[in-house]
Amino acid sequence: MNMCFLFRAGAVAALLTLAGCASSPGGSIYVPIGGEASRAPEPPRTTGESQEPKVWRKSEQPEVVEPAETAPDTSAPSYRDSGESLSPAALSLVREADSLLRQGDAPAAIARLERAQRIAPRSAEIYFKLSEAYVASKQLGSAEQFTLKGLSLAGNDTSLQRAGWMLLADIRRARGNVAGADQAEARAAAL
């Protein structure tokens, strides 16, 4: 019986020793065959500059402020402040009309001036020449209308405006409108 007791006590002691070696308070300890554990690879480092070129995202790119485009500096105003300058073709027609008026051919001069007016429709000078041609052909109503149109296109050219107002005064006086002629002369004198 003693032998049986000793055998059981020895078996229990052996089991307790094996159980104590099999587990530890921190968990199991794995020891690979061959002794030492292999080394883990080093984690990537973020310090220092990398050898690869940096890729910038659109949102990360620095803003480059470009100079604003400025409007080209032109000497011509955005609006027309004076009458249209005459092209060589229109000027040639005006010279022909002057020559025809001196010869007394008002209808031919009017035809030349109407062609010149189609070439340069915003020229106050052509309207004033047309007015002179209509005066020569004794069509004073048309002459007054062309003078008023020329005055509306004269812009800031005071000498052209003065000539137009004086022409209008002569036309109105020839039509018997003395008050209108005086008014036109007063406008010419005010310039």
Side-chain angles (χ1 to χ4, degrees), residues 52-191:
E52 298 177 17
K54 185 168 184 162
V55 177
W56 291 92
R57 294 185 189 134
K58 182 73 175 173
S59 61
E60 295 175 340
Q61 292 181 352
E63 283 189 35
V64 177
V65 178
E66 294 183 20
E69 289 187 29
T70 58
D73 187 24
T74 59
S75 60
S78 60
Y79 61 91
R80 179 170 292 284
D81 62 346
S82 64
E84 183 174 308
S85 62
L86 291 178
S87 67
L91 188 60
S92 172
L93 287 168
V94 168
R95 287 181 181 152
E96 281 183 41
D98 282 340
S99 175
L100 289 168
L101 279 175
R102 281 191 296 271
Q103 295 169 5
D105 192 0
I110 290 171
R112 300 291 193 288
L113 290 169
E114 287 174 345
R115 285 179 51 202
Q117 186 240 345
R118 286 191 291 272
I119 294 171
R122 298 194 51 81
S123 172
E125 295 169 349
I126 291 178
Y127 284 99
F128 292 155
K129 288 288 182 184
L130 266 169
S131 178
E132 290 173 9
Y134 278 109
V135 166
S137 67
K138 309 219 185 298
Q139 299 177 28
L140 298 179
S142 298
E144 186 172 348
Q145 293 303 312
F146 279 110
T147 303
L148 290 171
K149 178 68 176 174
L151 281 169
S152 71
L153 295 174
N156 293 336
D157 190 346
T158 54
S159 64
L160 195 59
Q161 287 179 353
R162 188 175 299 118
W165 285 112
M166 292 305 292
L167 179 61
L168 184 64
D170 291 343
I171 292 168
R172 285 180 174 171
R173 199 171 313 281
R175 293 185 77 188
N177 184 359
V178 178
D182 290 343
Q183 196 175 35
E185 286 176 348
R187 295 286 300 263
L191 293 173

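Keep in mind that the numbers below use all heavy atoms, side chains included, and drop hydrogens, waters and symmetry copies.
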Point to revise | Residues that Ala116 engages under side chain to side chain contact (heavy atoms under 4.5 Å, CB included), provided they are two or more places apart | key: Ala90, Leu93, Val94, Ile126
Exercise for review: Could you tell me which non-hydrogen atom of Gln161 sits nearest to which non-hydrogen atom of Ala154, and how far apart they are?
Suggested key: CG-CB, 3.6 Å
Check your understanding: Which residue pairs pass the salt bridge (charged side-chain N to carboxylate O under 4.0 Å, His left out) test with at least one member in residues 107-119, sequence neighbours excluded?
Key -> Glu96-Arg112
Check your understanding: Listed by chain and number, what are the side chain to side chain contact (heavy atoms under 4.5 Å, CB included) partners of Ala106, not counting sequence neighbours?
Key -> Leu101, Ala136, Ser137
Practice item. Identify the two heavy atoms, one from Ser123 and one from Leu86, that lie closest to each other, and give their separation to 0.1 Å. Key: OG-CD2, 3.2 Å
Practice item. Would you please name every residue forming a side-chain hydrogen bond (donor to acceptor under 3.5 Å, both in side chains) with Arg175, sequence neighbours left out? Key: Glu144
Exercise for review: Supply the atom-to-atom distance Ile119 CD1 to Ser87 OG, rounded to the nearest 0.5 angstrom.
Suggested key: 5.5 Å
Point to revise | From Leu167, Leu113, Ile110, Asp170, residue fulfilling side chain to side chain contact (heavy atoms under 4.5 Å, CB included) relative to Glu132 | key: Leu167
Review point. With distance as the sole test, does Thr147 use its side chain to make a donor-acceptor pair with the main-chain N or O of Ala143 at under 3.5 Å?
Key: yes
Revision key, fill the gap. Interatomic distance, CH2@Trp165 vs CG@Leu148, rounded to 0.5 Å, equals 7.0 Å
Check your understanding: Does any pair with a residue in residues 176-191 pass side chain to side chain donor-acceptor pair (under 3.5 Å), and if so which ones, sequence neighbours excluded?
Key -> Arg173-Glu185
Check your understanding: Listed by chain and number, what are the ring pair (Phe, Tyr, Trp, His ring centres under 6.0 Å) partners of Phe128, not counting sequence neighbours?
Key -> none
Review point. Looking at side-chain heavy atoms only, is the closest gap between Ser142 and Gln145 below 4.5 Å?
Key: no
